[in-house]
Amino acid sequence: MASKVQYEVGMQFPSSVVAGELIRSLLAGCGLDISSLVEATGKGVTRYSFYIPGLKSAERAAARIRALRLDGVRLYLKKHRESDWLSGWKKGWRPFTLTKRFQVVPLWQADRSVPAGKEPIFIETTNAFGTGLHETTRFVAEVIEGMAGKFDSFLDVGTGTGILTVVALKCGAGHAAAFDNDPAAVRVARDNLRANHLSCRVTVADVRRYKVRRPFDLVAANLVSPDLVEFRHRLVSFVKAGGTLVISGISLKNIPRVKKAFSLPELSLVKVVRGTEWAAVSYRVQSGR
């Protein structure tokens with residue numbers, strides 16, 4: 001039986017020169033699905049890759065990227081057998097610091113030591129967004145860590161790899177739930193929870209149809225700005241009175257638009273965290289809503 005083939009549409013650039021967050025935004029803007037983007041870093045170089053089954057589809061994706069005319073970025077197209085593409089991209093990915101407390105360790109490198117005072121979180125990233133390398137994920141993880149011991153229930157909206165649910169459970173959540181509209185992401189999230197000896201309910205759903213039995217103390221929604229704005233009332237409904245809503249995935253240029261949309265009577269602004277390209281915002285849900 002012939003081996004399956006995947007085509008890697010890859011980009012390589014100096015980590016210290018080219019803004020990876022900006023590249024992500026541009027890729028999303030030209031219609032590429034960044035939830036399937038694979039990241040690898042090492043020796044001052046960052047690689048972004050899409051793994052695509054058909055040659056024509058891969059060539060179309062490469063053409064879209066080429067049209068962006070990204071300075072300092074080398075674009076390439078490679079053909080891989082299944083045994084290569086499933087594992088080859090992992091070689092450049094190394095453990096990294098997520099927050100003051102946590103160190104993310106690739107699941108296939110689980111035997112690696114972590115710095116003194118750090119607690120490991122083991123993550124498999126294949127085909128799911130949210131490794132922790134992205135600013136949007138780190139911001140929410142930092143907020144959760146800062147609230148350790150101050151919440152009992154947690155909901156992860158658009159869970160991706162499940163990394164935020166792992167952080168929440170390690171920070172004292174007695175009950176957690178997560179969902180994503182991508183079945184592949186849900187499978188990865190479940191695997192990552194097991195890898196960290198944790199468990200919670202992770203389901204395939206979208207924001208419109210997800211139902212909660214009881215609202216949560218802390219809700220995290222790491223989505224794109226248009227979805228945050230569209231689903232703002234649903235997101236607020238997931239949070240109990242007196243609880244906290246953290247939204248992320250907001251590009252800096254979209255902060256005014258998102259803040260205006262979330263200027264709701266039942267919300268009070270707690271904090272805005274700005275990075276190089278992205279932002280996260282925390283709100284407290286009023287007790288008297």
Is there side-chain contact between Arg257 and Pro226, with at least one heavy-atom pair below 4.5 Å?
yes
When rounded to the nearest 0.5 angstrom, what is the spacing between OH in Tyr7 and NZ in Lys56?
11.5 Å
Sequence neighbours excluded, the answer for ring-ring contact (aromatic ring centres under 6.0 Å, His included) partners of Phe102 is none
Can you tell me which residue pairs pass the ring-ring contact (aromatic ring centres under 6.0 Å, His included) test with a partner in residues 150-176, sequence neighbours excluded?
His175-Phe216
Main-chain N/O of Val104 paired with Lys118 side-chain donor or acceptor, under 3.5 Å:
no
Return the minimal non-hydrogen interatomic distance between Leu228 and Ala221, and the atom names on each side.
CD2-O, 3.8 Å
With the side chain counted from C-beta on, respond yes when Val270 and Val246 share a heavy-atom pair under 4.5 Å apart, and no when they do not.
no
Interatomic distance, CD@Gln286 vs CG@Leu264, rounded to 0.5 Å, equals 11.0 Å
Under 3.5 Å: donor-acceptor pair, side chain of Ser153, backbone of Asp217:
yes
Residues Leu75, Val9; criterion side chain to side chain contact (heavy atoms under 4.5 Å, CB included); working and verdict:
CA-CA 7 Å; Leu75 178 67; Val9 180; 4.1 Å; yes
Any sub-3.5 Å donor-acceptor pair from Lys259's side-chain atoms to Asn254's backbone N or O?
no
Any residue meeting salt bridge (charged side-chain N to carboxylate O under 4.0 Å, His left out) with Arg234, in chain and number order, not counting sequence neighbours:
none
Evaluation steps, side chain to side chain contact (heavy atoms under 4.5 Å, CB included), between Val188 and Ile123
CA-CA 9 Å; Val188 170; Ile123 294 292; over 6 Å; no
Start with the C-alpha distance between Leu98 and Val167, add both sets of side-chain angles, then the distance that settles side chain to side chain contact (heavy atoms under 4.5 Å, CB included), and finish with yes or no.
CA-CA 10 Å; Leu98 177 65; Val167 171; 3.9 Å; yes
Roughly how far apart are Asp156 CG and Thr165 OG1, rounded to 0.5 Å?
3.5 Å
Given the rule in the side chain to side chain contact (heavy atoms under 4.5 Å, CB included) test, do Asn192 and Ile163 qualify, once you have shown the distances and angles that lead to the verdict?
CA-CA 8 Å; Asn192 286 332; Ile163 188 171; over 6 Å; no
Value for CD1 (Ile250) from CG (Asn222), rounded to nearest 0.5 Å, stands at 9.0 Å
Who passes ring-ring contact (aromatic ring centres under 6.0 Å, His included) against Tyr283, sequence neighbours left out?
Phe262
Measure the shortest side-chain to side-chain distance between Leu223 and Ile247 over non-hydrogen atoms and say whether it is less than 4.5 angstrom.
no
Ignoring hydrogens, what is the shortest heavy-atom contact between Ala141 and Leu164? Give both atom names and the distance.
N-CD2, 3.7 Å
Drop me the distance from Lys170's NZ to Asn196's CG, to the nearest 0.5 angstrom.
5.5 Å
Who passes side-chain hydrogen bond (donor to acceptor under 3.5 Å, both in side chains) against Arg60, sequence neighbours left out?
Ser57
Return the set of residues passing salt bridge (charged side-chain N to carboxylate O under 4.0 Å, His left out) with Arg101 (not counting sequence neighbours), or none when no residue passes.
Glu119
Indicate yes or no: at least one non-hydrogen side-chain atom of Phe238 is less than 4.5 angstrom from one of Pro215.
no
Separation of Leu252 CG from Ile255 CD1 (nearest 0.5 Å)
5.0 Å
Contact check, side chains of Met11 and Leu27, non-hydrogen atoms, under 4.5 Å:
yes
Testing the basics here: between Ala61 and Ile52, what is the closest heavy-atom pair and its distance to 0.1 Å?
CB-CD1, 3.7 Å
Donor-acceptor check, side chain of Thr136 to backbone of Ser248, threshold 3.5 angstrom: yes or no?
no
Sequence neighbours excluded, the answer for salt bridge (charged side-chain N to carboxylate O under 4.0 Å, His left out) partners of Asp227 is none
Apply ring-ring contact (aromatic ring centres under 6.0 Å, His included) to Phe179 and list each qualifying residue two or more places apart in sequence or on a separate chain.
Tyr210
Any side-chain heavy-atom pair from His233 and Val236 closer than 4.5 angstrom?
no
Report yes or no: does Asp180 contribute a side-chain atom to a donor-acceptor pair with the main-chain N or O of Gly160 at less than 3.5 Å?
yes
Using a 4.5 Å cut-off on heavy atoms from C-beta on, say whether the side chain of Ser49 contacts that of Tyr76.
yes
For residues 241-255, the salt bridge (charged side-chain N to carboxylate O under 4.0 Å, His left out) pairs (sequence neighbours left out) are none
Answer yes if Val272 and Val239 sit in the same cluster of Ile, Leu, Val, Met, Phe, Trp and Tyr residues linked by side chain heavy atoms under 4.5 Å apart, and no otherwise.
yes
Residue set satisfying salt bridge (charged side-chain N to carboxylate O under 4.0 Å, His left out) with Glu59, at least two apart, ordered chain then number -> none
Using the side-chain hydrogen bond (donor to acceptor under 3.5 Å, both in side chains) criterion, which residues pair with Arg187? Sequence neighbours excluded.
none
Show me the donor-acceptor pairs within less than 3.5 Å that the side chains of residues 199-206 make with the rest of the protein, sequence neighbours left out.
unit_1, atom_1, unit_2, atom_2, d
Asp206, OD1, Arg208, N, 3.1
Asp206, OD1, Arg209, N, 3.0
Asp206, OD2, Arg209, NH1, 2.9

